[in-house]
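All values below come from the heavy atoms of this structure, side chains included, with hydrogens, waters and symmetry mates left out. Predicted, not measured: the structure shown is a model, and the values here were computed from it. Along the sequence shown, the residues carry numbers beginning at 1. All ligand and atom numbering here is 1-based and tracks the order in the structure.
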Amino acid sequence: MKPHLERLAAYPYRKVEAPIKLDQNESPYDLPPELKERALARLRTLPWNRYPDMHAESVRAVVARGQDWPEEGVVLAPGSNFLVLALAQAARQVLDTSPSFAYYEGAARLSGVSYRALRLGEGFALPLSGLQDGMGDPPGVLFLSNPHAPTGRLFPEAEVRRLAGRASERGWLLVVDEAYHSFSGSDHRPLARENGSVVLLRTFSKAWSLGGVRAGYLLGPPEVASKVQALLPPFCVPAHTAAILEVVLAAPEHVRGLAAALAAERDRVFHALASHASWRASPSAANFLLVRTPDAEAAWKGLLARGVLVRRQDHLPGLEGCLRVSVGTPAENDAFLEAAFAL
Ligand SMILES: *Cc1c(COP(=O)(O)O)cnc(C)c1O
């Protein structure tokens with residue numbers, strides 16, 4: 001193996017069974033049965049012996065129309081993580097925030113590219129001047145999830161614009177990962193339209209209730225999109241994934257209401273936690289809350305003993321004592337709150 005791969009480990013996720021699963025920021029709602037039936041009917045008519053579209057062209061066309069984006073600027077992948085990996089493989093260096101979504105660093109390490117992460121400031125503020133200075137030579141890729149994972153913070157538009165301006169001055173690419181934008185109402189398409197050094201990542205895994213289906217996409221300038229497309233293997237979006245996406249994309253009203261309802265639940269849980277004796281939640285624009293406790297291990301175990309599975313984040317810099325709690329159904333959120341207040 002190449003030396004940089006010798007100590008590589010698989011993505012750190014341990015599966016734990018629990019009645020209430022709030023550990024992966026999934027949607028608590030599966031597709032409504034009638035949509036699922038429609039997708040199954042479509043799967044039945046597919047010729048399974050044939051390869052799918054080379055670049056998921058039919059889904060790409062629907063996404064482009066729905067997002068008002070040129071088709072040649074859309075890249076579909078079996079999860080936006082594949083797009084993160086492709087971008088990291090192309091990059092000459094990777095810049096990140098810390099803490100951050102673990103796979104930005106994972107993809108950089110896998111790609112053998114130099115990786116640097118700058119600590120967020122007070123209240124998880126962006127280290128703006130550090131990131132601007134960090135975009136030096138050689139030019140590379142800056143990953144920024146906004147809303148941010150795992151803090152839930154939505155960074156001010158003006159700050160993201162400053163980073164985008166710097167990226168275009170220095171030949172960098174600013175990758176705004178909008179995995180959680182449906183829960184914040186934010187949308188960086190206007191910025192990406194104005195500035196050709198900005199690309200956006202979107203996923204079907206969260207607000208679209210399709211974590212198991214594996215799909216995400218990139219929006220960017222056609223010149224960048226065609227290069228990212230060339231970094232992906234051919235036929236990488238399976239025919240069944242494409243068929244399900246086409247059905248769900250034809251009924252977007254189903255997710256629109258869901259994201260708003262989950263955002264309202266997030267705010268309800270956040271306000272309820274304010275009266276907890278020792279736990280403190282950070283304001284969140286996503287479908288999860290980052291909660292600081294006096295002892296993450298004890299809190300995690302205590303919740304699990306009451307049937308609620310959440311994710312520890314206390315291994316990350318600056319997140320001592322922290323847990324990440326996904327927003328579930330109202331009943332699941334009540335169960336979490338009840339368990340939290342019993343600890
Ligand atoms: C969940 C998440 C994704 C989604 O990745 P997929 O491979 O599309 O499931 C991407 N970015 C961030 C920051 C996430 O939290």
So does Phe204 have more than 12 non-hydrogen atoms from other groups sitting under 6.0 Å from CZ?
-> yes

Contact with ligand 1 for Arg214, non-hydrogen, under 4.0 angstrom | yes

Let me see the working for Arg324 and Asp23 under salt bridge (charged side-chain N to carboxylate O under 4.0 Å, His left out), right down to the final yes or no.
-> CA-CA 7 Å; Arg324 193 192 66 196; Asp23 70 327; over 6 Å; no

Is the number of heavy atoms from other residues, nucleotides or ligands within 6.0 Å of CD (Glu71) greater than 12?
-> yes

In Å and rounded to the nearest 0.5 Å, what is the OG to CZ distance from Ser284 to Arg153?
-> 11.5 Å

Per-atom contacts of ligand 1 with Tyr180, taking only distances under 4.0 Å to non-hydrogen atoms | 1 (C), 14 (C), 15 (O)

Heavy-atom count around Arg162 CZ within 6.0 Å, excluding the residue itself: above 12?
-> no

What do you reckon, does Gly216 put a non-hydrogen atom under 4.0 Å from ligand 1?
-> no

Is Asp177 close to ligand 1, meaning an N/O of one under 3.5 Å from an N/O of the other?
-> yes

Under 4.0 Å from any heavy atom of Lys206, which atoms of ligand 1 are there?
-> 1 (C), 2 (C), 3 (C), 4 (C), 14 (C), 15 (O)

Should the proximity of Ser80 to ligand 1, defined as any heavy atom under 4.0 Å, be assigned to the side chain, the backbone, both, or neither?
-> both

Of Val94, Leu87, Val84, which meets side chain to side chain contact (heavy atoms under 4.5 Å, CB included) against Val175?
-> Leu87

Residue, atom name and distance, where the atom is the protein heavy atom closest to atom 9 (O) of ligand 1 = Ser205 OG, 2.6 Å

